[in-house]
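Just below is one structure, and these are the notes that go with it.
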Amino acid sequence: MYEVQAIASFDHHGSRKVGDRFTVGNQRQAEELEKKGLVQVMGTAPEMGSTGANTEADSGTDGGTGSGTAEGITSGSNTPTPGELLVGGNAPDIIASLAGLKDRAVLQSALDAEKTGKDRKTVVEALEAALKAD
């Protein structure tokens, strides 16, 4: 099982909000959710121990140390925003991940991060179109 943290609000075996931590059954599920810009993969989930609190339906709490290591993320106090995580990849992958993303706060954060960062025309246009679509 893999632990992930939501970087956008969506439904996956229940409602997930930005910052929620939960587990998915396998690496493929974790990677698919990450590819869609919905989660940051935190790593493999701890084995079910005496508490049994970490389940698929777990709504999650932040309680962690920020030790997850997704691409382009450094540990420490400079935790990237969900928007920064969203625009951290290459342009075609970012644009593809916007297809089902409805969280305006994440979209706006991503647009702001892109404009102050790489400022890629195609990514900025796609983010602006996604914001106008709602």
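Side chains are part of it too, since the values below use all heavy atoms of this structure and drop only hydrogens, waters and symmetry mates.
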Glu3 side chain near Phe22 side chain, heavy-atom distance below 4.5 Å: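 Glu3 vs Phe22: side chains apart.
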Are Leu127 and Glu114 side-chain neighbours, meaning at least one heavy-atom pair lies under 4.5 Å?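 They are in side-chain contact.
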Ser109 side chain to Ala105 main-chain N or O, any donor-acceptor pair under 3.5 Å?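 No, the answer is negative, given that no donor and acceptor are paired below the 3.5 Å cut-off.
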Quick check for you: to the nearest 0.5 Å, what is the distance between [X] atom [atom1] and [Y] atom [atom2]?
X: Gln40; Y: Glu34; atom1: CD; atom2: CD; value: 7.5 Å
X: Gln5; Y: Met42; atom1: CD; atom2: CE; value: 5.0 Å
X: Leu98; Y: Leu107; atom1: CG; atom2: CG; value: 6.5 Å

Please give me the minimum heavy-atom distance between Leu101 and Ala8, naming the atom from each residue.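 Residues Leu101 and Ala8, closest heavy atoms: CD1-CB, 3.3 Å.
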Considering all heavy atoms of both residues, which atom of Ser97 and which atom of Gly37 are nearest to each other, and what is their separation?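 Heavy atoms of Ser97 and Gly37 come nearest at CB-N, 3.9 Å.
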If you group Ile, Leu, Val, Met, Phe, Trp and Tyr by side-chain heavy-atom gaps below 4.5 Å, do Ile95 and Leu131 land in one group?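 Different clusters: Ile95 never reaches Leu131 through Ile, Leu, Val, Met, Phe, Trp or Tyr contacts under 4.5 Å.
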Only counting residues at least two apart or in another chain, list the ones meeting side-chain contact (heavy atoms from CB on, under 4.5 Å) with Gln27.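 side-chain contact (heavy atoms from CB on, under 4.5 Å) list for Gln27, sorted by chain: Tyr2, Glu31.
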Holding to side-chain contact (heavy atoms from CB on, under 4.5 Å), I want the full list of residues that pass it with Lys115, two or more places apart in sequence or in another chain.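 Expected list: Leu111, Asp119, Val124, Glu128.
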Applying side chain to side chain donor-acceptor pair (under 3.5 Å), name anything that partners Ser9, two or more places apart in sequence or on another chain.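 Only Asp103 meet the side chain to side chain donor-acceptor pair (under 3.5 Å) criterion with Ser9.
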Side chain to side chain donor-acceptor pair (under 3.5 Å) partners of Glu125, counting only residues at least two apart: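 Glu125 satisfies side chain to side chain donor-acceptor pair (under 3.5 Å) with no other residue.
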Applying the side-chain contact (heavy atoms from CB on, under 4.5 Å) test to Val4, which of Val41, Thr23, Asp20, Leu38 qualifies?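 Single side-chain contact (heavy atoms from CB on, under 4.5 Å) partner of Val4 among Val41, Thr23, Asp20, Leu38: Val41.
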Which residue is it: Arg28, Lys35, Lys36? I am looking for the one with a salt bridge (charged side-chain N to carboxylate O under 4.0 Å, His left out) to Glu32.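 Considering Arg28, Lys35, Lys36, a salt bridge (charged side-chain N to carboxylate O under 4.0 Å, His left out) with Glu32 is found only for Arg28.
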Can you list, pair by pair, the side-chain donor-acceptor contacts under 3.5 Å of residues 83-91, counting residues two or more places apart and other chains?
from  : atom 1 : to    : atom 2 : distance (Å)
Glu84 : OE1    : Thr81 : N      : 2.8
Asn90 : OD1    : Asp93 : N      : 3.0
Asn90 : ND2    : Asp93 : OD2    : 3.3

